[in-house]
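As C-alpha cells, the structure follows; a few thoughts come after it.
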Amino acid sequence: LLRSKTVELSVEDFESIRTLAQASEGLRRENKALEKKNIQLSDKVDTLTDEKAMLQKEDDRLRRENDRLRKERDEYKGKFMVLEKLVDKIQEVYREKLPKHFKALEQAIGYAKHQVNKTIDVFKSNNIEKRFKKVDLSPNEKSGYELAEKDQRIQQKDRGIER
C-alpha cells in the first residue's frame, strides 16, 4: 500500500483542528490537576476518618469514665446523707440527754467544719457553695471554728520557723 504523506485541508479545517488540539492539551493539564486534587482530598478523607475513629474511641472511654464517676459520686452522696442524718441525730440526743455536753459537741462540729473547708478546692467554682460559712454557724460552732483557725495560724507560724 502506498500512502500519501500530505493531506490537503482547507484553512478553516486546519484552524479547527489546531484549536481542538490546543483545547485538548488544556483539558489534559486540567484533568491532571484535578486528579492530583482528588488524591489529596482522598488522603484527607482517610486522615479525617482515622481521626474520627480515634475521637470516637476517646469519647466512648470518657463516657464510661463519666458513668463510673457518677456512680462513685452517688455512692458518696448516699454516704454523706447517712452521715448528715447521723450527726443530726447525735446533736438531737446530746441536746435532749446531755445538755451540758452539747456545747462541747457543737464546738467540735465547728472545728470539723473548718477542717472540711481547708480540704475544699476553692478554685473550682462549684465548690464555693459547698464551703461552710462562719455566719451560718451556731455560737458554739463559731467558737470551735475560731479555735481551728487559731490552730491553723499557729501551725503556719511553726512551719515558717522550721524553714
Side-chain angles (χ1 to χ4, degrees), residues 1-88 109-138 141-142 144-163:
L1 271 170
L2 294 173
R3 291 194 188 189
S4 167
K5 290 187 178 182
T6 60
V7 176
E8 286 186 31
L9 289 174
S10 67
V11 174
E12 295 90 28
D13 289 341
F14 177 75
E15 289 298 322
S16 169
I17 291 173
R18 189 167 68 173
T19 304
L20 288 173
Q22 288 172 345
S24 173
E25 187 59 35
L27 290 173
R28 204 176 282 127
R29 275 189 246 118
E30 185 180 343
N31 190 33
K32 287 214 183 262
L34 289 174
E35 283 177 353
K36 284 182 183 178
K37 183 145 183 129
N38 189 25
I39 290 170
Q40 290 172 345
L41 289 174
S42 179
D43 290 345
K44 192 170 187 175
V45 165
D46 291 344
T47 302
L48 290 174
T49 302
D50 292 345
E51 284 181 28
K52 180 184 175 189
M54 286 181 359
L55 289 172
Q56 186 65 43
K57 285 180 184 176
E58 181 70 9
D59 184 54
D60 292 344
R61 185 189 66 77
L62 289 172
R63 285 181 193 279
R64 284 191 307 273
E65 183 177 353
N66 197 13
D67 290 342
R68 182 186 60 79
L69 290 173
R70 274 196 187 108
K71 288 176 187 173
E72 188 176 324
R73 181 203 62 200
D74 290 345
E75 288 176 20
Y76 284 121
K77 201 178 209 180
K79 289 177 183 178
F80 176 76
M81 298 298 281
V82 168
L83 288 174
E84 189 176 39
K85 287 178 184 176
L86 177 64
V87 168
D88 289 344
I109 290 171
Y111 194 97
K113 285 181 178 181
H114 180 271
Q115 298 303 97
V116 167
N117 280 353
K118 280 183 10 182
T119 63
I120 293 177
D121 186 357
V122 294
F123 296 108
K124 292 185 178 175
S125 63
N126 61 343
N127 285 339
I128 292 173
E129 304 87 45
K130 295 177 185 171
R131 293 179 59 88
F132 294 104
K133 295 175 183 73
K134 198 173 180 180
V135 296
D136 295 337
L137 303 178
S138 71
E141 286 178 332
K142 280 183 187 174
Y145 194 93
E146 289 165 355
L147 179 63
E149 287 176 331
K150 182 179 173 186
D151 286 350
Q152 183 179 4
R153 285 192 298 273
I154 291 170
Q155 288 175 355
Q156 287 173 345
K157 283 182 184 178
D158 289 346
R159 278 193 218 121
I161 293 171
E162 291 173 5
R163 290 183 183 169

* With the threshold set at 4.0 Å, does a side-chain nitrogen-carboxylate oxygen contact exist between Arg61 and Glu65? ->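 Answer for the salt bridge query: yes.
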Only pairs under 3.5 Å count here: list side-chain donor-acceptor contacts from residues 12-31, not counting sequence neighbours, and write none if there are none.
| residue | atom | partner | partner atom | Å |
| --- | --- | --- | --- | --- |
| Asp13 | OD2 | Ser10 | OG | 3.2 |
| Glu15 | OE1 | Arg18 | NH2 | 2.9 |
| Glu15 | OE2 | Arg18 | NH2 | 3.2 |
| Thr19 | OG1 | Glu15 | O | 2.8 |
| Glu25 | OE1 | Arg28 | NH1 | 2.8 |

* For Lys142, check salt bridge (Lys or Arg N to Asp or Glu O under 4.0 Å) against everything at least two apart and list the hits. =>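 If we apply the salt bridge (Lys or Arg N to Asp or Glu O under 4.0 Å) test to Lys142, skipping adjacent residues, there are no hits.
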* **salt bridge (Lys or Arg N to Asp or Glu O under 4.0 Å) partners for Arg64, two or more places apart** =>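 Arg64 satisfies salt bridge (Lys or Arg N to Asp or Glu O under 4.0 Å) with no residue once adjacent residues are dropped.
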* List the steps and the verdict of side chain to side chain contact (heavy atoms under 4.5 Å, CB included) for Asn66 and Leu62. => CA-CA 6 Å; Asn66 197 13; Leu62 289 172; over 6 Å; no
* Asked: Nearest heavy-atom pair of Tyr145 and Leu137: which atoms, and what distance?
  ->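 What the structure gives for the nearest pair is CD1-CD1, 3.6 Å.
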Indicate every side-chain donor-acceptor pair of residues 42-51 with a distance under 3.5 Å to a residue at least two apart or in another chain.
| residue | atom | partner | partner atom | Å |
| --- | --- | --- | --- | --- |
| Thr47 | OG1 | Asp43 | O | 3.0 |
| Thr49 | OG1 | Val45 | O | 2.7 |

* Before giving the answer on side chain to side chain contact (heavy atoms under 4.5 Å, CB included), spell out for Arg68 and Lys71 the whole-Å C-alpha distance, their side-chain angles and the decisive distance to 0.1 Å. => CA-CA 5 Å; Arg68 182 186 60 79; Lys71 288 176 187 173; 5.8 Å; no
Run the side-chain donor-acceptor check on residues 32-41: report pairs under 3.5 Å with partners two or more places apart or on a different chain.
none

* **Pairwise distance CD(Glu58) to CE(Met54) - rounded to 0.5 angstrom** =>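 Between Glu58 CD and Met54 CE, I get 9.0 Å after rounding to 0.5 Å.
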* Asked: Partners of Asp59 by side-chain hydrogen bond (donor to acceptor under 3.5 Å, both in side chains), sequence neighbours excluded?
  ->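 Asp59: side-chain hydrogen bond (donor to acceptor under 3.5 Å, both in side chains) contacts with Arg63.
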* Taking the side chain as every heavy atom from C-beta outward, state whether Glu72 and Leu69 have any pair of such atoms under 4.5 Å apart. =>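 Sidechains of Leu69 and Glu72: in contact.
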* To do: Dump the intermediate steps for side chain to side chain contact (heavy atoms under 4.5 Å, CB included) on Arg153 and Lys150, then the final yes or no.
  => CA-CA 5 Å; Arg153 285 192 298 273; Lys150 182 179 173 186; 3.9 Å; yes
* To do: Give a yes-or-no answer on whether the side chains of Asp60 and Gln56 include a donor-acceptor pair shorter than 3.5 Å.
  =>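 Side chains of Asp60 and Gln56: pair found under 3.5 Å.
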